[in-house]
Each structure stands twice: as structure tokens, then as C-alpha cells.
Amino acid sequence: MTKTAAAAAALIERSRRLGADPRNTNFAGGNTSAKGLERDPVTGEDVELMWVKGSGGDLGTLTEASLAVLRVDRLRALAGVYRGVEHEDEMVAAFDHTLFGKGGATPSIDTAMHGLVDAAHVDHLHPDSGIAIATAADGDALTAVVFGGRVLWVPWRRPGFQLGLDIAALKEAHPEAIGVILGGHGITAWGDTSAEVEANSLWIIETAAAYIEEHGAEAPFGPALDGYGALEPAERRAKAAALAPSIRNLVSTDAPMVGSFSDADVVLDFLAATEHPRLGALGTSCPDHFLRTKVKPMILDLPATASVDESIARLKELHAAYREEYAAYYDRNATADSPAMRGADPAIVLVPGVGMFSYGATAQTARVAGEFYINAINVMRGAEALSTYAPIDEAEKFRIEYWALEEAKLQRLPAPKSHATRIALVTGAASGIGRAIATRLAAEGACVVIADLDLEKAEAAAASLGSTDVAIGVRADVTSAVDIQAAVDAALLAFGGLDLIVNNAGLSLSKSLLETTDADWDLQHNVMAKGSFMVSRAAARVLIDQGLGGDIVYISSKNSVFAGPNNIAYSATKADQAHQVRLLAAELGEYGVKVNGINPDGVVRGSGIFAGGWGAKRAAVYGVPEEELGAYYAQRTLLKREVLPENVANAVAVLTGADLTHTTGLHIPVDAGVAAAFLR
């Protein structure tokens with residue numbers, strides 16, 4: 001046993017290695033522990049402590065803050081007050097009384113498994129190969145054959161204190177064993193050192209995978225199903241984008257959802273085989289799987305060649321049936337003290353030949369739900385290759401899904417931000433006003449697609465906001481209908497839909513009437529007037545099909561109502577944009593879509609337009625040095641304040657947030673007060 005917190009350091013390193021490989025466990029799945037000695041500051045004596053991954057943490061990114069630290073003697077003493085499996089929840093609450101020191105993570109339901117097993121180091125993981133054995137109809141017999149007595153079988157038991165007692169008793173009775181297969185669930189391994197338990201965990205995982213590979217049937221999902229093979233990549237992604245708005249409408253019946261799309265080979269191969277309807281109906285088994293994917297997916301029962309319209313019509317029928325079946329599942333299993341039904345919409349929608357749509361309250365939870373269903377497919381493949389897939393029964397699934405402890409975990413989640421579940425597309429967003437808008441929307445919880453002429457800058461701007469669960473960058477020339485549709489499709493495939501569009505892309509040439517050429521006029525009108533029209537048109541199709549309302553915002557200009565010198569083409573196209581706001585507000589209101597505009601002025605700092613020569617031209621018009629142009633603009637305003645990109649972003653956030661839900665057709669000046677541009 002290692003003295004001091006070196007045991008915790010070794011635990012973190014081991015956990016990250018194990019969690020980095022999806023063959024070992026899934027995101028936030030499983031937990032690891034280590035025991036060691038620390039000096040008790042009260043008594044001055046050494047006490048045995050256990051560091052264990054807390055509730056909600058992820059092995060691959062584990063930190064010290066994600067560990068719970070407990071006194072082993074007090075944890076094991078809980079066996080004396082344990083009242084049986086009907087009182088498991090009491091034991092989780094009791095873990096709080098065994099904690100050592102301040103801070104740390106909340107102990108998870110699996111804490112007992114780690115503390116009661118007499119081993120310095122314990123790993124509990126959810127590898128696909130191990131769960132395949134765990135969910136096979138003859139998993140008990142397979143465990144004996146595959147592992148030759150080194151790994152033992154534990155029949156399904158809901159995670160909790162009794163499961164920890166069961167595993168501890170097996171280890172004591174079989175000192176030669178290095179771990180167990182948990183029926184319907186996963187694996188647990190132990191060792192005297194961190195290196196030993198890691199080696200034991202990997203041996204179980206790799207041995208199971210090798211046995212499946214060597215002895216499994218060649219076509220575990222059955223022969224190919226005629227017409228259900230994968231479409232060509234471009235065709236299936238185009239079909240996915242065409243289906244996405246309608247599917248999001250269905251799965252958001254109870255609450256708005258963010259989506260993710262995958263056309264991974266493992267998904268396409270599963271849907272192309274004869275047995276996929278039977279296996280899909282059986283649902284997932286490992287608690288970590290179905291808690292994120294619901295008990296089963298919704299599967300379109302049409303071939304890949306079915307048209308988009310045919311597919312949508314059938315999906316609507318299947319969705320209505322799914323909701324009825326889920327409500328019946330809840331009613332069959334709920335008791336008087338069960339939490340209320342959380343929603344009857346599917347989290348996973350499978351479309352043969354196309355792929356998988358997965359949904360959640362955030363982009364991360366949506367993506368992870370899809371990853372978990374891929375885990376489930378791998379599990380089904382392994383179980384069917386060796387035997388018959390036999391997940392835990394419905395009643396047990398319900399007990400986990402509507403467990404009071406799971407409900408408590410959900411209640412601990414922070415309140416959603418103002419733009420949570422909203423998906424935004426911002427044009428011209430790699431710099432200046434557009435980037436400030438994208439940054440603000442992401443900070444408010446939105447998923448953001450940053451569209452810009454410069455792909456490298458768009459991707460860099462997106463990366464600065466966080467992972468691809470927060471923002472992605474795409475190239476889009478707003479004068480190209482093809483580019484615009486590609487940007488909209490990127491939003492649909494990355495995040496499942498589209499809610500908020502900001503027409504920000506623009507440029508300006510400061511020229512007098514006589515200096516303005518036909519090409520100057522056409523360029524500015526094509527980018528701003530025609531470009532924003534084409535973006536709005538492409539986006540409106542999605543918003544209408546989704547049926548969730550939405551927002552379109554035009555970044556117009558003070559110049560849309562103010563007649564300034566040497567600015568005819570720019571000001572005329574901004575006036576065009578301003579009237580588009582009014583026209584579209586009138587046309588799209590029946591679909592719940594709000595259309596509003598913002599009229600900035602004098603946004604010099606950080607502006608791509610000003611940096612591209614517009615600033616120098618305007619400075620020359622007003623007879624001031626270019627570096628003083630922002631201050632000049634400020635002094636001519638009523639408030640004497642310089643307007644920054646962030647000020648425009650603030651207006652977008654307010655217009656599209658919860659406080660102005662009944663406002664459409666409005667133009668908001670963000671100009672620090674220019675009396676000549678007051679709206680009338």
C-alpha cells in the first residue's frame with residue numbers, strides 16, 4: 001500500500017490511459033479506485049483512504065477534483081447498517097459520512113464495489129467485448145470457457161451496496177481470480193498495484209475480444225437486407241441533411257433537442273443486415289448505455305432508396321407509435337414514488353442507408369448518446385456472434401432509468417443558459433462584429449456555425465470558442481447558393497438543426513456616385529442584399545420544417561436610414577437589407593420565426609471592413625487620421641461612446657433571447673446615439 005497521495009496520482013494516470021481508448025470504456029463510463037495511507041490531521045495516525053472516481057466524471061479526462069476520498073474503515077462499517085437491496089439508496093446517502101477532508105466529487109453508486117473489495121486497486125469498466133459476454137444468453141458458461149477460471153461470473157444485479165458485497169465475497173472465495181464479468185453490465189478487475197490492475201483489466205478486455213474474433217459467427221447480424229445497404233457518401237449526407245429538420249421536430253415534441261449525425265460504417269452495416277429490427281427492439285443493456293440512448297431507438301423501416309418525403313411521412317407514424325409505447329412502458333413499471341416521466345421522444349433515430357441521428361440537451365450529450373449506441377451495436381455483434389443477445393429485462397431497465405439517484409443527479413445539473421439547445425449560423429464570423437456575435441452566442445449556450453470566406457480563419461475562430469460541441473467553422477461565399485446550402489447542411493449534420501441565423505457578412509467601398517462602377521454596385525449588392533436574401537431563404541426552409549420557430553437577424557447599418565456622403569452602393573444595399581427585415585417578418589411570422597435587424601455605426605475596432613480600406617476612405621472623407629476614426633465617430637454621437645463589436649453582439653443576444661419573444665420586424669440602433677438616424 002502506497003503512503004501519501006501518490007496512490008491518487010497513479011490512479012489518475014491509469015484512468016486516463018484506460019479512458020483514452022474507447023475499446024476499454026465509454027465516455028463517463030466506469031470508475032477506478034486506489035487505496036493508500038494518509039495521516040489523519042485529527043489523531044495524527046495513519047488511516048486507510050480510498051480515492052475513487054466520483055459521480056459524473058470521465059476516466060479519459062480525470063482530475064483530482066473528480067475524485068471522492070473516503071475512509072475505508074468507515075465505508076466497510078456500513079455493512080453493519082445495510083438493510084438489504086430494497087434500501088440501496090440509503091447507502092449512497094451514507095457515503096457522505098465516510099468522506100475524508102473537504103471538497104472532492106460526489107461518491108457514485110459504484111463506490112461500494114471499490115471499497116468492499118479487498119484489493120488496493122480496482123477498475124470497473126464498460127468495454128464492448130466484456131459487455132458482449134455479459135449480455136450473451138449463456139454468459140455464465142461463456143465466462144468460464146473464455147477466461148478459464150481467472151474471471152468469475154456475477155449475475156445481473158442493480159449497481160449498489162449488495163453488488164459490492166457479492167463481488168467481495170467472490171474474490172475472497174477465489175483468490176486466484178483477477179476480476180468478474182457483471183451480467184448485463186460490464187467488468188470489474190483488481191490488483192495489488194496500479195500496474196497490476198491495469199494489466200488485469202486489459203487482459204480481460206483483450207481476451208474477450210480475441211475470443212469473439214476467433215470463435216464468433218461471420219455474420220452475427222444475419223444476411224444483407226435487400227435495399228438497405230449504405231448510400232454513397234455524398235448522397236447519404238445530403239439525405240441526412242434533408243431529413244434532419246423534420247426529425248428534430250419530432251424528437252423535440254417534449255423539449256427542444258440538439259442533435260448529432262453519424263454515418264459510421266458500424267451503424268450502416270448494422271442497418272443493412274436482416275436482424276437489425278429484432279436487435280434494435282431489444283434495446284441496450286449496460287446502464288450507461290440506455291440512460292443516454294433510452295431503452296431502444298426509433299428505426300425507420302424503409303429501404304435506403306425511399307424518398308425524403310416517404311421517409312418523413314413514415315417517421316411521423318413511427319414517432320407517434322414510439323411515444324405511445326414509451327408511455328406504456330412507463331405505466332407498466334412506474335410505482336407511486338417513481339419520478340414523473342421525463343419525455344417520450346426517442347434519443348436515437350436510425351435511418352437505413354443513411355446513418356444515425358442522436359439527440360440530447362446539449363451537443364455533447366447528443367454526440368455521446370450516439371457514441372453509446374455504437375457501443376451497443378458492438379455489444380450486440382459480439383453477443384450474437386457467440387450466442388444470443390439477451391439484455392436485462394424491461395423492469396430492471398426502468399428501475400435504473402427512473403432511479404431516485406438518477407433523478408437527483410439530474411436535479412443537480414446547472415440551470416440552462418439563455419440560448420441552450422439553440423443552433424446559430426453567423427456569416428462573416430471569423431472577425432469583427434461576426435466573431436463577437438458568435439462568441440456571445442456560444443457563451444450563452446448556443447451551438448455556433450462560423451461561416452466565412454476564409455476557412456482557416458473560420459476554423460480558428462471556432463476553435464477559440466471550445467470544442468466542436470460548441471462551434472465549427474465552415475467556408476461560405478454568401479454570393480454562392482451552393483456554398484450557402486453547404487453551410488446550412490453543415491449545421492444540420494453537426495448539431496441536428498438550425499434556430500438562429502445572423503446575416504452579418506459584408507464589405508464596403510467608400511466611393512462617390514461618379515466613382516462607383518457597375519461592378520462596385522453589383523459586388524456590394526450581391527454580398528449583402530442578395531447574399532442575405534439567399535441565406536435567409538435557405539435557412540427559412542429549415543425553420544419551417546423544424547416547426548420550432550427561430551430567429552433571423554440582419555446586421556444592417558445606421559446608413560440604411562441615414563444619407564451620408566460618398567457611400568451610395570453601401571447605403572443602398574443596407575437599405576435593401578433593412579426592408580428585407582420587414583418583409584420577412586411579415587412572411588415568416590406564421591411559422592413563429594422572428595426577423596429583426598440591428599443598425600450599428602462606427603464600429604472601427606476589430607472590424608474587417610474598416611481594416612480592408614474602408615476606414616482609410618472614411619477617415620479621408622471626414623478629414624481625420626485613420627487611427628482616430630473610432631474616437632471621431634464617438635464624439636459625434638449623443639452618448640460620446642465608441643461602438644465596439646461586443647455592443648452589437650449584446651443586441652443580438654437580447655433580440656434572440658427569452659426577453660423579446662414577442663418582438664419581430666424591429667431595427668435596434670447600436671450607434672451610441674445618432675439623431676439623424678433615429679427611426680421614424
Side-chain angles (χ1 to χ4, degrees), residues 221-222 225 227-228 239-240 242-257 259-262 267 270-285 289-334 338-361 366 369-370 372-373 376-377 380 389 391-398 400-402 496-497 545-548:
F221 294 147
L225 193 57
Y228 281 68
K239 188 173 182 180
L243 292 172
S246 295
I247 296 178
R248 188 177 183 222
N249 168 269
L250 296 176
V251 303
S252 297
T253 299
D254 290 316
M257 290 287 127
S260 180
F261 173 73
S262 172
V267 175
F270 175 66
L271 294 173
T274 308
E275 295 300 315
H276 85 261
R278 172 181 67 86
L279 293 168
L282 289 173
T284 53
S285 184
H289 292 184
F290 64 75
L291 282 173
R292 291 166 172 82
T293 66
K294 278 218 159 117
V295 289
K296 63 180 180 179
M298 186 172 88
I299 307 177
L300 179 62
D301 54 359
L302 294 178
T305 52
S307 71
V308 169
D309 288 342
E310 290 171 331
S311 298
I312 290 172
R314 182 57 179 152
L315 284 165
K316 289 179 179 178
E317 296 172 348
L318 291 169
H319 178 254
Y322 187 100
R323 287 180 60 83
E324 290 180 4
E325 291 171 9
Y326 187 86
Y329 152 79
Y330 179 87
D331 291 341
R332 281 193 303 273
N333 294 285
S338 294
M341 188 169 71
R342 299 191 190 102
D345 295 319
I348 303 292
V349 178
L350 301 173
V351 180
V354 176
M356 171 178 63
F357 297 86
S358 54
Y359 296 91
F372 271 79
Y373 199 76
I377 293 173
M380 290 186 278
Y389 175 62
I392 61 175
D393 66 29
E394 176 186 281
E396 285 299 300
K397 290 180 181 179
F398 183 87
I400 298 251
E401 184 177 3
Y402 284 93
D545 287 345
Q546 276 183 166
L548 301 175

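Below, all heavy atoms of this structure are taken into account, side chains as well, without hydrogens, waters or symmetry copies.
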Testing the basics here: between [X] and [Y], what is the closest heavy-atom pair and its distance to 0.1 Å?
X	Y	value
G360	A366	N-CB, 3.5 Å
A273	G222	CB-O, 3.9 Å
P303	G227	CB-O, 3.4 Å
V308	A242	CG2-CB, 3.9 Å
G353	A304	CA-CB, 3.6 Å

Reported [atom1]-to-[atom2] distance for the pair [X] and [Y], which is rounded to 0.5 angstrom:
X	Y	atom1	atom2	result
I299	I348	CD1	CD1	10.5 Å
F221	L271	CZ	CG	9.5 Å
K239	S307	NZ	OG	7.0 Å
R332	E325	CZ	CD	8.5 Å
E310	T305	CD	OG1	8.0 Å
L282	Y389	CG	OH	6.5 Å

Would you call the rings of F398 and Y329 parallel, tilted or perpendicular, where under 30° means parallel and over 60° means perpendicular? perpendicular

Students often mix this up, so state it plainly: with edges at 30° and 60°, are the rings of Y330 and Y402 parallel, tilted or perpendicular? perpendicular

Are any of the side-chain heavy atoms of [X] and [Y] separated by less than 4.5 Å?
X	Y	result
D301	R314	yes
H319	D345	yes
V251	P346	yes
F372	L291	no
M380	E275	no
Y322	L250	no
Y373	R292	no

Out of the candidates S260, S262, P297, only one should pair with M356 under the side chain to side chain contact (heavy atoms under 4.5 Å, CB included) rule; please name it. S262

Residue among D545, L243, V349, L548 satisfying side chain to side chain contact (heavy atoms under 4.5 Å, CB included) with R248: L548

Could you check whether any side-chain N or O of [X] sits under 3.5 Å from a backbone N or O of [Y], counting only pairs where one atom can act as donor and the other as acceptor?
X	Y	value
D254	R342	no
T293	A369	no
K397	T284	yes

